[in-house]
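In this text, all values refer to a predicted model and were calculated from it rather than measured experimentally.
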Amino acid sequence: MHVVVTDAEVTLADVLSLRLSLRGPLASGAELVLRHRVTAVERTVVLGASGAEARDATLAVSLAPLALTPGRWDVHLRQEGTRTRLRSVDPGFSLDHLDAYALSRRDLAYRAYRTRNGFLALKVDEAEPAAEVRAVWFREGRFEVTGLLAFTGLDDDESRHEARLALRRNHPDAELTAVATVQGVRFHAALSLCDVLAAAPEQSGTWEPSLEVDGLAAPLRLGSRLDDVDGKHRRLHYPAEEIDGVPIRPRYTADDELRIEVGG
(Lines give C-alpha, C1' and ligand atoms only; values in the text may rest on other atoms or scores of the structure.)
Protein backbone atom coordinates (compact mmCIF):
# COMPACT_ATOMS: atom_id res chain seq x y z
CA MET A 1 0.00 0.00 0.00
CA HIS A 2 1.23 3.50 -0.83
CA VAL A 3 1.95 5.43 2.42
CA VAL A 4 3.69 8.80 2.80
CA VAL A 5 4.30 10.81 5.97
CA THR A 6 3.06 14.37 5.39
CA ASP A 7 3.68 15.69 8.90
CA ALA A 8 5.97 14.39 11.64
CA GLU A 9 6.72 15.92 15.02
CA VAL A 10 7.75 14.91 18.51
CA THR A 11 5.54 16.87 20.91
CA LEU A 12 6.65 18.44 24.18
CA ALA A 13 5.25 15.34 25.90
CA ASP A 14 7.58 13.06 23.88
CA VAL A 15 4.80 11.73 21.68
CA LEU A 16 5.61 10.99 18.03
CA SER A 17 2.74 12.56 16.08
CA LEU A 18 2.39 11.44 12.45
CA ARG A 19 0.00 12.28 9.66
CA LEU A 20 -0.05 9.70 6.88
CA SER A 21 -1.29 9.99 3.32
CA LEU A 22 -2.85 6.60 2.47
CA ARG A 23 -4.10 4.84 -0.61
CA GLY A 24 -6.21 2.42 1.40
CA PRO A 25 -7.05 1.56 5.03
CA LEU A 26 -4.55 0.36 7.60
CA ALA A 27 -4.96 -3.38 8.05
CA SER A 28 -5.96 -4.90 11.34
CA GLY A 29 -2.80 -5.62 13.33
CA ALA A 30 -0.67 -3.10 11.42
CA GLU A 31 2.53 -2.20 13.25
CA LEU A 32 4.92 0.71 13.37
CA VAL A 33 8.49 -0.63 13.63
CA LEU A 34 11.44 1.47 14.79
CA ARG A 35 14.85 -0.01 13.92
CA HIS A 36 18.14 1.25 15.38
CA ARG A 37 20.45 2.02 12.48
CA VAL A 38 23.62 0.66 14.16
CA THR A 39 22.51 -2.19 16.44
CA ALA A 40 19.45 -3.31 14.38
CA VAL A 41 17.44 -3.49 17.63
CA GLU A 42 13.73 -3.01 16.93
CA ARG A 43 10.76 -1.63 18.85
CA THR A 44 7.22 -2.41 17.66
CA VAL A 45 3.96 -0.54 18.24
CA VAL A 46 0.61 -2.08 17.23
CA LEU A 47 -1.63 0.42 15.45
CA GLY A 48 -5.41 0.58 15.36
CA ALA A 49 -7.00 -0.31 12.00
CA SER A 50 -8.72 2.53 10.16
CA GLY A 51 -11.52 0.17 9.12
CA ALA A 52 -12.43 2.08 5.96
CA GLU A 53 -10.97 3.59 2.85
CA ALA A 54 -9.08 6.72 3.88
CA ARG A 55 -6.83 9.29 2.31
CA ASP A 56 -5.05 10.20 5.53
CA ALA A 57 -4.64 9.03 9.09
CA THR A 58 -3.16 10.48 12.26
CA LEU A 59 -1.03 8.41 14.64
CA ALA A 60 0.28 9.24 18.12
CA VAL A 61 2.99 7.06 19.66
CA SER A 62 4.34 7.67 23.16
CA LEU A 63 8.12 7.25 22.95
CA ALA A 64 9.15 6.95 26.60
CA PRO A 65 7.70 3.42 27.11
CA LEU A 66 9.67 2.13 24.09
CA ALA A 67 13.02 2.43 25.89
CA LEU A 68 14.80 3.80 22.83
CA THR A 69 18.56 4.18 23.17
CA PRO A 70 20.59 7.10 21.75
CA GLY A 71 21.17 6.97 18.02
CA ARG A 72 19.11 7.10 14.83
CA TRP A 73 16.01 4.96 14.38
CA ASP A 74 14.45 4.30 10.97
CA VAL A 75 10.66 3.99 10.87
CA HIS A 76 8.83 1.18 9.03
CA LEU A 77 5.19 0.16 8.59
CA ARG A 78 4.42 -3.58 8.72
CA GLN A 79 1.04 -5.02 7.75
CA GLU A 80 -0.26 -8.23 6.19
CA GLY A 81 3.26 -9.66 5.94
CA THR A 82 4.68 -6.66 4.11
CA ARG A 83 7.18 -4.26 5.62
CA THR A 84 7.74 -0.80 4.13
CA ARG A 85 10.15 1.92 5.19
CA LEU A 86 8.09 5.08 5.57
CA ARG A 87 8.77 7.87 3.11
CA SER A 88 8.34 11.46 4.29
CA VAL A 89 7.72 14.81 2.62
CA ASP A 90 8.00 16.71 5.92
CA PRO A 91 11.46 18.19 6.60
CA GLY A 92 10.69 17.85 10.31
CA PHE A 93 12.44 21.02 11.38
CA SER A 94 11.24 24.03 13.37
CA LEU A 95 13.77 26.05 15.32
CA ASP A 96 11.04 27.56 17.50
CA HIS A 97 9.74 24.10 18.37
CA LEU A 98 13.23 22.83 19.20
CA ASP A 99 13.78 25.85 21.47
CA ALA A 100 10.51 25.18 23.31
CA TYR A 101 11.30 21.45 23.55
CA ALA A 102 14.68 22.21 25.17
CA LEU A 103 13.18 24.23 28.03
CA SER A 104 12.27 21.16 30.09
CA ARG A 105 14.65 18.87 31.92
CA ARG A 106 14.86 15.52 30.12
CA ASP A 107 16.96 12.37 30.15
CA LEU A 108 16.53 11.80 26.42
CA ALA A 109 15.71 14.20 23.59
CA TYR A 110 13.79 12.91 20.55
CA ARG A 111 13.55 14.54 17.11
CA ALA A 112 11.71 13.35 14.00
CA TYR A 113 13.38 14.25 10.71
CA ARG A 114 13.52 13.38 7.02
CA THR A 115 16.67 11.61 5.81
CA ARG A 116 18.60 12.71 2.74
CA ASN A 117 16.91 9.89 0.81
CA GLY A 118 13.44 11.06 1.84
CA PHE A 119 12.57 8.61 4.63
CA LEU A 120 11.25 9.24 8.14
CA ALA A 121 13.72 8.72 10.98
CA LEU A 122 13.97 9.48 14.67
CA LYS A 123 17.10 10.90 16.33
CA VAL A 124 17.58 10.17 20.03
CA ASP A 125 20.19 11.98 22.13
CA GLU A 126 21.07 12.12 25.80
CA ALA A 127 19.67 15.43 27.05
CA GLU A 128 22.32 16.83 29.37
CA PRO A 129 22.00 20.50 30.36
CA ALA A 130 24.04 22.57 27.91
CA ALA A 131 24.66 26.07 26.59
CA GLU A 132 23.30 25.96 23.03
CA VAL A 133 25.30 28.31 20.79
CA ARG A 134 23.33 30.41 18.32
CA ALA A 135 26.05 32.88 17.26
CA VAL A 136 29.80 33.13 17.76
CA TRP A 137 32.18 35.76 16.43
CA PHE A 138 35.42 37.68 16.97
CA ARG A 139 35.18 41.48 16.96
CA GLU A 140 37.18 44.34 18.45
CA GLY A 141 39.67 41.85 19.86
CA ARG A 142 37.04 39.84 21.73
CA PHE A 143 35.48 36.41 21.53
CA GLU A 144 31.68 36.72 21.83
CA VAL A 145 29.00 34.07 21.99
CA THR A 146 25.20 34.07 22.39
CA GLY A 147 22.63 31.31 22.76
CA LEU A 148 20.18 29.65 25.12
CA LEU A 149 20.34 27.23 28.02
CA ALA A 150 18.98 23.81 27.02
CA PHE A 151 17.48 21.13 29.27
CA THR A 152 18.20 23.06 32.48
CA GLY A 153 14.60 23.50 33.59
CA LEU A 154 15.05 27.28 33.97
CA ASP A 155 12.12 29.46 32.92
CA ASP A 156 12.23 31.51 29.73
CA ASP A 157 11.41 34.77 31.48
CA GLU A 158 13.04 38.10 32.41
CA SER A 159 14.85 36.85 35.54
CA ARG A 160 18.63 37.30 35.61
CA HIS A 161 21.13 34.72 36.83
CA GLU A 162 24.72 35.30 37.89
CA ALA A 163 26.99 33.56 35.38
CA ARG A 164 30.57 33.29 34.15
CA LEU A 165 32.18 32.24 30.90
CA ALA A 166 35.19 30.00 31.55
CA LEU A 167 37.91 28.90 29.13
CA ARG A 168 40.16 26.01 30.10
CA ARG A 169 43.01 24.20 28.39
CA ASN A 170 45.59 21.51 29.13
CA HIS A 171 49.29 21.33 28.26
CA PRO A 172 50.00 23.75 29.81
CA ASP A 173 47.10 24.09 32.21
CA ALA A 174 45.43 27.48 32.05
CA GLU A 175 42.04 28.99 32.84
CA LEU A 176 40.26 32.27 32.16
CA THR A 177 36.89 33.54 33.36
CA ALA A 178 34.70 36.52 32.49
CA VAL A 179 31.28 37.72 33.62
CA ALA A 180 28.42 36.46 31.42
CA THR A 181 24.84 37.69 31.09
CA VAL A 182 21.99 35.21 31.53
CA GLN A 183 18.38 36.40 31.33
CA GLY A 184 15.84 33.62 31.59
CA VAL A 185 17.43 31.01 29.32
CA ARG A 186 19.24 33.44 26.98
CA PHE A 187 22.94 34.11 27.44
CA HIS A 188 25.64 36.42 26.12
CA ALA A 189 29.32 36.28 27.00
CA ALA A 190 32.52 37.95 25.81
CA LEU A 191 36.22 37.54 26.59
CA SER A 192 39.35 39.38 25.46
CA LEU A 193 41.51 37.50 22.96
CA CYS A 194 44.54 39.34 24.33
CA ASP A 195 43.83 37.75 27.72
CA VAL A 196 43.68 34.34 26.03
CA LEU A 197 47.14 34.83 24.55
CA ALA A 198 48.54 36.18 27.82
CA ALA A 199 47.30 33.15 29.75
CA ALA A 200 49.53 30.81 27.72
CA PRO A 201 52.08 32.92 25.83
CA GLU A 202 53.87 31.34 22.88
CA GLN A 203 51.86 28.15 23.32
CA SER A 204 49.55 26.76 20.65
CA GLY A 205 46.56 24.78 21.84
CA THR A 206 42.82 24.42 22.17
CA TRP A 207 40.61 26.06 24.78
CA GLU A 208 37.32 24.54 25.95
CA PRO A 209 34.62 27.09 26.86
CA SER A 210 31.88 26.47 29.41
CA LEU A 211 29.18 28.52 31.09
CA GLU A 212 28.87 28.48 34.87
CA VAL A 213 25.40 29.56 36.03
CA ASP A 214 24.47 30.04 39.66
CA GLY A 215 21.85 27.51 40.72
CA LEU A 216 22.99 24.83 38.26
CA ALA A 217 25.04 21.97 39.64
CA ALA A 218 27.67 21.76 36.90
CA PRO A 219 29.22 23.97 34.21
CA LEU A 220 27.41 23.88 30.86
CA ARG A 221 29.35 22.86 27.77
CA LEU A 222 29.02 25.17 24.78
CA GLY A 223 27.83 23.38 21.66
CA SER A 224 25.33 23.52 18.81
CA ARG A 225 22.94 20.59 18.42
CA LEU A 226 19.40 22.02 18.30
CA ASP A 227 19.23 22.50 14.55
CA ASP A 228 19.33 20.50 11.33
CA VAL A 229 23.09 20.89 10.66
CA ASP A 230 24.98 17.75 11.63
CA GLY A 231 28.74 17.52 11.39
CA LYS A 232 29.58 21.19 11.91
CA HIS A 233 33.30 20.41 12.18
CA ARG A 234 33.16 19.56 8.46
CA ARG A 235 30.61 22.10 7.25
CA LEU A 236 31.13 25.23 9.34
CA HIS A 237 34.49 27.03 9.20
CA TYR A 238 35.26 30.38 10.79
CA PRO A 239 37.98 32.76 9.59
CA ALA A 240 40.93 33.24 11.93
CA GLU A 241 41.54 36.46 13.84
CA GLU A 242 45.22 37.41 14.26
CA ILE A 243 46.31 38.85 17.60
CA ASP A 244 49.99 39.86 17.69
CA GLY A 245 50.54 37.61 14.69
CA VAL A 246 48.94 34.56 16.33
CA PRO A 247 45.86 33.09 14.56
CA ILE A 248 42.84 32.35 16.76
CA ARG A 249 39.62 30.78 15.52
CA PRO A 250 36.49 29.07 16.86
CA ARG A 251 35.73 25.57 15.60
CA TYR A 252 33.42 22.65 16.35
CA THR A 253 34.42 19.14 17.36
CA ALA A 254 32.97 15.94 15.88
CA ASP A 255 30.43 16.07 18.74
CA ASP A 256 29.37 19.63 17.76
CA GLU A 257 31.03 21.18 20.83
CA LEU A 258 32.65 24.60 20.53
CA ARG A 259 36.41 25.09 20.92
CA ILE A 260 38.81 28.03 20.58
CA GLU A 261 41.96 27.13 18.67
CA VAL A 262 45.08 29.26 19.23
CA GLY A 263 48.02 29.03 16.80
CA GLY A 264 48.58 26.06 14.56
Can you see which heavy atom on [X] is nearest to which on [Y], and at what distance?
X: H97; Y: T11; value: CE1-CA, 4.4 Å
X: P129; Y: T152; value: CB-CG2, 4.0 Å
X: L167; Y: V196; value: CD2-CG2, 4.1 Å
X: D90; Y: S88; value: N-OG, 3.1 Å
X: A121; Y: T115; value: CB-CG2, 3.8 Å
X: F143; Y: L165; value: CE2-CD2, 4.0 Å

Self-check item: Atom pair CG (L211) and NE2 (H188), whose distance is rounded to the nearest 0.5 Å
Solution: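 Between L211 CG and H188 NE2, I get 12.0 Å after rounding to 0.5 Å.
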Quiz item: If you measure from CG on L120 to CG on L16, what distance do you get to the nearest 0.5 Å?
Solution: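 With rounding to 0.5 Å, CG (L120) is 6.5 Å from CG (L16).
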Is there a donor-acceptor pair under 3.5 Å between the side chain of [X] and the backbone N or O of [Y]?
X: T6; Y: R19; result: yes
X: R249; Y: Y238; result: yes
X: T84; Y: L86; result: no
X: R43; Y: L66; result: yes
X: K232; Y: T253; result: no

In plain terms, say whether [X] and [Y] are close enough for a salt bridge, that is, a side-chain N and a carboxylate O under 4.0 Å apart.
X: E208; Y: R169; result: no
X: E212; Y: R221; result: no
X: D227; Y: R134; result: no
X: R85; Y: D74; result: yes
X: R164; Y: E175; result: no
X: E257; Y: R259; result: yes
X: D173; Y: R168; result: no

Self-check item: Step-by-step side-chain contact (heavy atoms from CB on, under 4.5 Å) determination, D156 to R186
Solution: CA-CA 8 Å; D156 187 9; R186 314 290 163 170; 3.1 Å; yes
Side chains of [X] and [Y]: does their closest heavy-atom pair fall under 4.5 Å?
X: L98; Y: R111; value: yes
X: R225; Y: D255; value: yes
X: L18; Y: T58; value: no
X: Y252; Y: R235; value: no
X: T44; Y: R78; value: yes
X: L63; Y: V15; value: no
X: L32; Y: V75; value: yes
X: V145; Y: L222; value: yes

If we ignore angles and hydrogens, is there a donor and acceptor under 3.5 Å between the side chains of [X] and [Y]?
X: Y101; Y: D96; answer: no
X: D157; Y: S159; answer: yes
X: H36; Y: E42; answer: no

Quiz item: Should Q79 and E31 be marked as a side-chain hydrogen bond (donor to acceptor under 3.5 Å, both in side chains) after you check the CA-CA gap, both sets of side-chain angles, and the distance that decides it?
Solution: CA-CA 6 Å; Q79 58 177 348; E31 298 172 324; over 6 Å; no
Self-check item: Axial cation check for F151 ring with R106, 6.0 Å and 45° limits
Solution: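 Verdict for F151: no cation-pi partner in R106.
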Quiz item: Does a sphere of radius 6.0 Å around CG in D214 hold more than 12 heavy atoms from other residues, nucleotides or ligands, not counting ones at 6.0 Å or beyond?
Solution: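 Yes, enclosed.
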Quiz item: Hydrophobic clusters join Ile, Leu, Val, Met, Phe, Trp and Tyr when side-chain heavy atoms are under 4.5 Å apart, directly or via other members; which others share one with W137?
Solution: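 Members alongside W137: none; it stands by itself.
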Practice problem: Go through the steps to decide whether I243 and C194 satisfy the test side-chain contact (heavy atoms from CB on, under 4.5 Å), and finish with yes or no. | Solution: CA-CA 7 Å; I243 304 294; C194 292; 4.0 Å; yes
